[in-house]
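Predicted model, so just to flag it, every value in this text is computed and none were measured.
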Amino acid sequence: MKNLVEVSNLSFKYLDAQRWAIHGVDLGIGEGEIVVLAGQSGCGKSTLLRCMNGLIPHMYPGEYSGSITIGGDQVDKTPMRALAQKVGLLFQNPENQIFMFSVERDIAFGLENLGMPRDEMRRRVDEVMQRLGITQLALRAPHELSDGQKQRVALAGVLAMRPGLIILDEPTSLLDPQTASELVSLVRKLNEEEGLTFIIVEHRLELLAQLADRIVVMDSGKKVMEGTPQQVLSDPRAEAFGVSVPPVSQLYNRLTADGLGPRGYPFTPEELADEVNSP
Ligand SMILES: Nc1ncnc2c1ncn2[C@@H]1O[C@H](COP(=O)(O)OP(=O)(O)OP(=O)(O)O)[C@@H](O)[C@H]1O
Ligand SMILES: [Mg+2]
């Protein structure tokens with residue numbers, strides 16, 4: 001099957017920057033995949049995401065080379081407006097993404113920009129609010145919502161555009177553990193039921209390792225590791241590249257180094273307990 005996202009030899013240097021923010025990145029992402037992007041602060045994760053939704057090179061000046069295609073369309077040659085219907089980016093801080101008078105106006109914002117007819121817009125906004133369980137918030141002012149609710153409203157605005165690819169840049173960093181795990185469940189549901197593809201920058205790997213098909217690790221603008229969660233989390237280099245290996249994986253790695261297992265790689269304490277208890 002052809003990849004939904006095809007990054008080849010992509011490099012970008014911000015205007016006046018001394019060094020490349022990303023350099024020679026190759027990456028293919030299949031339709032329906034969930035890919036986690038990890039690596040130290042400043043390694044180029046957000047820059048790569050901006051290249052996917054077209055903010056780079058359309059809005060950020062700089063030096064750009066190589067290519068990236070989404071569903072066959074070359075990003076640098078496709079207008080932002082067209083890209084917005086293929087790729088949705090959810091920022092770390094939803095405050096940057098919601099700003100209107102009411103939740104429903106906010107969700108409709110992107111559709112309004114497309115000049116969508118009112119009744120179609122109404123239908124899409126209602127549908128997406130229902131999908132995310134925020135119908136009761138429709139008339140509330142966004143600034144009076146909780147962080148988790150704001151996050152959902154921002155996500156609703158993205159989903160209303162019906163993109164096949166959703167990009168989340170540290171989506172849980174402002175959320176408490178409970179709300180964060182609800183967001184992760186939502187990602188799972190949207191992936192399973194609607195086949196949406198996700199690229200997620202996230203430090204809390206214990207939340208996502210189970211869900212991810214693949215983890216990609218970057219360092220100094222380059223892709224340095226790529227594999228299944230098991231492959232990456234059991235690789236001794238992972239921590240040096242700033243991947244926060246969940247405690248359960250650390251413990252398992254220690255145990256297997258001492259000759260236990262492996263049967264199934266555990267991502268939760270419960271799975272590790274099963275592994276250790278099985279004869
Ligand atoms: N708007 C910008 N203008 C100039 N340089 C930038 C800009 N944004 C990022 N950079 C630089 O590009 C490099 C990659 O930054 P990027 O934001 O992509 O890293 P990141 O992996 O997302 O980091 P973090 O985990 O802290 O979010 C860094 O050296 C950073 O200083
Ligand atoms: Mg970032």
Close side-chain approach of [X] to [Y], heavy-atom, < 4.5 Å:
| X | Y | value |
| --- | --- | --- |
| Phe198 | Leu190 | yes |
| Ser220 | Lys222 | no |
| Ser65 | Asn9 | no |

For [X] and [Y], work out which heavy atoms get closest and say how close.
| X | Y | value |
| --- | --- | --- |
| Gly24 | Ser11 | N-OG, 2.9 Å |
| Ala38 | Val243 | CB-CG2, 4.2 Å |
| Val158 | Pro163 | O-CD, 3.2 Å |
| Ile166 | Leu159 | CD1-CD2, 3.5 Å |
| Pro171 | Leu183 | CB-CD2, 3.5 Å |
| Pro229 | Asp213 | CD-O, 3.6 Å |

Side chains of [X] and [Y]: is there a donor and an acceptor less than 3.5 Å apart?
| X | Y | result |
| --- | --- | --- |
| Thr172 | Glu202 | yes |
| Tyr252 | Ser234 | no |
| Gln149 | Asp147 | no |

Partner residues of [X] under the side chain to side chain contact (heavy atoms under 4.5 Å, CB included) criterion, sequence neighbours left out:
| X | result |
| --- | --- |
| Arg123 | Asp119, Glu120 |
| Asn113 | Phe109 |
| Ser185 | none |
| Phe91 | Leu55, Leu89, Gln97 |

For the side chain of [X] and the backbone of [Y], is there at least one donor-acceptor N/O pair under 3.5 Å apart?
| X | Y | value |
| --- | --- | --- |
| Arg214 | Thr228 | no |
| Glu271 | Phe267 | yes |
| Asn191 | Gly32 | yes |
| Thr47 | Ala21 | no |
| Gln210 | Glu206 | no |
| His58 | Val75 | yes |
| Asp176 | Thr179 | yes |

Please determine whether residues [X] and [Y] belong to a single hydrophobic cluster, defined as Ile, Leu, Val, Met, Phe, Trp and Tyr linked transitively by side-chain heavy-atom distances below 4.5 Å.
| X | Y | result |
| --- | --- | --- |
| Leu111 | Ile134 | yes |
| Met80 | Leu114 | no |
| Phe241 | Val35 | no |
| Leu27 | Ile34 | no |
| Val232 | Val248 | yes |

Assign the ring pair Tyr14 / Phe12 to parallel, tilted or perpendicular, where the plane angle (0 to 90°) is split at 30° and 60°. perpendicular
Kindly write out the residues that satisfy salt bridge (charged side-chain N to carboxylate O under 4.0 Å, His left out) with Glu193, not counting sequence neighbours, or none if the list is empty. Arg131
Could you work out, with salt bridge (charged side-chain N to carboxylate O under 4.0 Å, His left out) as the rule, every residue matching Lys223, not counting sequence neighbours? Glu226
Could you list the residues that satisfy side-chain hydrogen bond (donor to acceptor under 3.5 Å, both in side chains) with [X], not counting sequence neighbours?
| X | result |
| --- | --- |
| Ser8 | Ser67 |
| Tyr60 | Arg50 |
| Arg140 | Glu144 |
| Ser249 | none |

Does the side chain to side chain contact (heavy atoms under 4.5 Å, CB included) test come out yes or no for Gln74 and Lys77, once each step is laid out? CA-CA 6 Å; Gln74 201 169 318; Lys77 300 199 164 65; 3.3 Å; yes
Can you tell me how far apart [atom1] ([X]) and [atom2] ([Y]) are? Round to the nearest 0.5 Å.
| X | Y | atom1 | atom2 | result |
| --- | --- | --- | --- | --- |
| Leu196 | Glu31 | CG | CD | 9.5 Å |
| Arg188 | Leu208 | CZ | CG | 9.5 Å |
| Leu10 | Leu48 | CG | CG | 7.0 Å |
| Glu6 | Asp73 | CD | CG | 13.5 Å |
| Leu83 | Met161 | CG | CE | 10.5 Å |

Test Ile22 against every option in Lys45, Lys13, Met218 by the side chain to side chain contact (heavy atoms under 4.5 Å, CB included) rule and name the one that passes. Met218
Partner of Leu168 by side chain to side chain contact (heavy atoms under 4.5 Å, CB included), out of Ile199, Val201, Val187: Val187
Let me see the working for Gln250 and Asn253 under side chain to side chain donor-acceptor pair (under 3.5 Å), right down to the final yes or no. CA-CA 5 Å; Gln250 288 180 31; Asn253 293 341; over 6 Å; no
Could you give me the CA-CA distance, side-chain angles and deciding distance for Leu145 and Val153, then say whether side chain to side chain contact (heavy atoms under 4.5 Å, CB included) is met? CA-CA 9 Å; Leu145 304 178; Val153 171; 3.7 Å; yes
With side chain to side chain contact (heavy atoms under 4.5 Å, CB included) as the criterion, how do Ile29 and Asn3 come out once you've worked through the C-alpha distance, each side chain's angles and the decisive distance to 0.1 Å? CA-CA 5 Å; Ile29 295 173; Asn3 281 328; 5.8 Å; no
Please check if the number of heavy atoms outside Glu194 that lie under 6.0 Å from its CD is greater than 12. yes
Decide side chain to side chain contact (heavy atoms under 4.5 Å, CB included) for Gln151 and Leu90; before the verdict, give the C-alpha distance in whole Å, the side-chain angles of both, and the deciding distance to 0.1 Å. CA-CA 9 Å; Gln151 192 68 271; Leu90 193 65; 3.3 Å; yes
Selection residues 154-171 - residue pairs positive for salt bridge (charged side-chain N to carboxylate O under 4.0 Å, His left out), sequence neighbours left out: Glu127-Arg162
So the ring-ring contact (aromatic ring centres under 6.0 Å, His included) pairs with at least one residue in residues 136-158 (sequence neighbours excluded) are none
